[in-house]
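Values below: every heavy atom of this structure, side chains too, minus hydrogens, waters and symmetry copies. To find a chain, count down the sequence lines: A is the first, B the second, and so on, and within it residues start at 1.
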Amino acid sequence: MNNLKKMVAALLVFSSTALPISAHAQSQSPVSLSGDVMAVETTVDAQGNESTQLVEPNVIVPGDRLVFGTDYANDGTEPVDNFVVTNPLPSAVRLAPDADAELTVSVDGGDSWGTLSTLSITNEDGTTRTAAHADVTHVRWTLASIAPGESGRLEYPAIIR
Amino acid sequence: MDTQIIKQSLFATSVVALFTLSAPALADGVGAGTLIENTATATYEDGEGPQTVDSNTVVVRVDELIDVTVTSLDSGPIGVQSGEAVLTYELTNQGNGPEAYELTANPAVAGNDFDTTVVNIAVDTNGNGTYDPGVDEILTAPETTQLLDADEVLRVFVIVTVPTGVTDGRASDVELLAEAVTGTGAPGTVFAGRGVDGGDAIVGATGADDSAVGTLIVGITSVDLTKSVSVTDPFGGTNAVPGSVATFTIVANVAGSGSVDDLVVTDAIPEGTTYVDGTLTLDSVDLTDASGDDAGEASDTDGISVDLGTVAGGTVHSITFDVTVD
């Protein structure tokens with residue numbers, strides 16, 4: 001009986017993590033995506049001028065700035081069209097206020113999209129307010145086409161809640 | 001040098017995600033140990049139709065921020081006399097992870113008129129805001145709190161002894177210092193591997209320590225009664241002869257910085273005299289002779305009695321009544 005339970009548990013683990021399928025798809029794709037994250041470190045020099053550097057996020061705490069980046073490349077021989085990169089924001093971060101105002105975002109889990117200034121949030125009492133950076137749930141970039149051999153980088157800045 | 005960027009296969013990171021979904025959202029800052037995971041997904045069309053591709057998932061772990069604040073919960077100086085006194089403080093874990101704090105009570109603050117002796121540091125175990133001997137846990141040296149969760153608040157009592165011989169109005173401060181057990185230092189100081197789940201701990205804006213001062217003030221109150229008499233005889237003089245009226249004045253002078261409770265002034269009618277009905281006054285206001293209707297009562301047999309109740313230091317009350325000489 002105990003052995004049976006263990007087997008069932010093992011099967012559940014496998015079924016809930018059946019992601020090797022998408023990894024398999026990735027290996028076939030002419031397009032590759034590579035994500036990274038860096039921390040933004042602000043230093044002040046002797047003259048009081050602030051400067052920022054991107055560093056490995058070795059020590060990060062609430063309030064720190066991160067930059068999430070995704071490198072893309074078309075390694076195939078044919079162009080690809082309607083290239084759309086969607087990036088859900090981790091719940092522990094909010095979009096930084098200095099993010100590109102033209103960035104296409106969603107504040108409702110990816111149902112509707114637009115620049116932040118065009119989106120609104122419905123309060124519990126039915127009233128609406130303008131959406132804020134902290135409301136952003138997803139960011140999205142759209143490229144009409146990527147030529148063979150073409151590559152690029154997409155980034156968004158975030159602050160740890 | 002421990003690197004917390006974890007670039008792993010999708011398979012491994014998705015297993016991690018199963019365990020982090022239920023991480024509680026804190027009001028102030030995400031909790032230490034929270035994993036921040038980011039994955040981008042691209043869709044596009046090639047010659048074979050719509051395609052989808054995921055990026056690798058990048059994972060960073062939020063480190064532990066150590067911060068603490070201590071405040072005095074006493075609204076003002078506590079009036080004390082020689083003996084035991086209790087000061088109340090509140091300690092808040094302003095960090096984002098569980099942390100314990102070592103407490104130090106300093107009774108010898110610069111500028112003190114006198115110094116107390118610290119007896120104990122106790123925590124408000126039953127949470128009622130009042131020190132309950134035998135109920136509230138007394139910390140043993142080194143006085144260290146339990147692990148407090150992020151944003152958790154702990155009320156702490158410092159029990160001190162006020163020495164004998166202190167004089168009225170003198171003040172004494174008692175400082176309570178809380179220092180994070182993990183460590184303290186300048187903001188930004190890193191304690192590698194000392195945070196939640198083996199992450200780093202980093203000192204926040206408070207320096208991971210804080211202190212607050214509570215104040216005691218000696219309130220010794222004294223009551224001084226002064227009785228005087230003026231006599232008017234039937235002939236316009238001041239001789240005490242039969243028929244003379246004697247007006248007694250009792251001045252109650254309450255001195256000191258504290259107050260006295262249930263102060264009742266009584267006086268007997270002297271032998272050979274008779275109380276003049278309806279002559280009892282308090283601060284020039286007439287009182288009735290009957291009991292129960294105001295602060296005073298008077299009769300020839302029982303004398304006079306005036307209930308002044310609670311009287312603050314620095315107050316003077318004046319009571320008068322008349323008698324006739326038999």
Please state whether the side chain, the backbone, both or neither of B:E45 comes within less than 4.5 Å of a heavy atom of chain A.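 For B:E45, backbone and side chain are both near chain A.
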In residues 134-148 of chain A, what donor-acceptor pairs under 3.5 Å come from side-chain atoms, sequence neighbours left out?
{"unit_1": "A:D135", "atom_1": "OD1", "unit_2": "A:R129", "atom_2": "NH2", "d": "3.3"}
{"unit_1": "A:D135", "atom_1": "OD2", "unit_2": "A:R129", "atom_2": "NH1", "d": "2.9"}
{"unit_1": "A:D135", "atom_1": "OD2", "unit_2": "A:A132", "atom_2": "N", "d": "2.7"}
{"unit_1": "A:T137", "atom_1": "OG1", "unit_2": "A:S106", "atom_2": "O", "d": "3.1"}
{"unit_1": "A:T137", "atom_1": "OG1", "unit_2": "A:G109", "atom_2": "N", "d": "2.9"}
{"unit_1": "A:S145", "atom_1": "OG", "unit_2": "A:V80", "atom_2": "O", "d": "3.3"}
{"unit_1": "A:S145", "atom_1": "OG", "unit_2": "A:D81", "atom_2": "OD1", "d": "3.3"}

Validation row: A:P30, B:D46 side chains within 4.5 angstrom (heavy atoms):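 When only atoms from C-beta onward are counted, B:D46 and A:P30 do touch, with a gap below 4.5 Å.
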Does either side chain, that of A:D108 or that of A:S112, offer a donor lying less than 3.5 Å from an acceptor on the other one?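 On atom types as modelled, these side chains qualify, holding a pair under 3.5 Å.
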Examine the side chains of B:T130 and B:N128 and answer whether a donor and an acceptor come within less than 3.5 Å of each other.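 No, no side-chain donor-acceptor pair sits under 3.5 Å.
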Residues from residues 64-72 of chain B approaching chain A under 4.5 Å (heavy atoms):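 Residues B:E64, B:L65 are the ones that qualify, each having a heavy atom under 4.5 Å from chain A.
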Hey, mind stepping through B:R155 and B:D136 against salt bridge (Lys or Arg N to Asp or Glu O under 4.0 Å) and telling me if it holds? CA-CA 11 Å; B:R155 196 173 291 133; B:D136 290 332; over 6 Å; no
Most contacts with chain A, counted as non-hydrogen pairs under 4.5 angstrom, among B:G204, B:G47, B:A40: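 With the most close heavy-atom pairs to chain A, the winner is B:A40.
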Once you round to the nearest 0.5 Å, how far does CG of A:N123 lie from OG1 of A:T128?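 Here the interatomic distance stands at 7.5 Å.
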Tell me whether B:E48 at atom CD has more than 12 heavy atoms from other residues, nucleotides or ligands lying less than 6.0 Å away.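 No, CD of B:E48 has 12 or fewer neighbouring heavy atoms, counting only those of other groups under 6.0 Å.
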Heavy-atom distance under 4.5 Å to chain B: side chain of A:T86, backbone, both or neither?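 It is both, since atoms from each part get that close.
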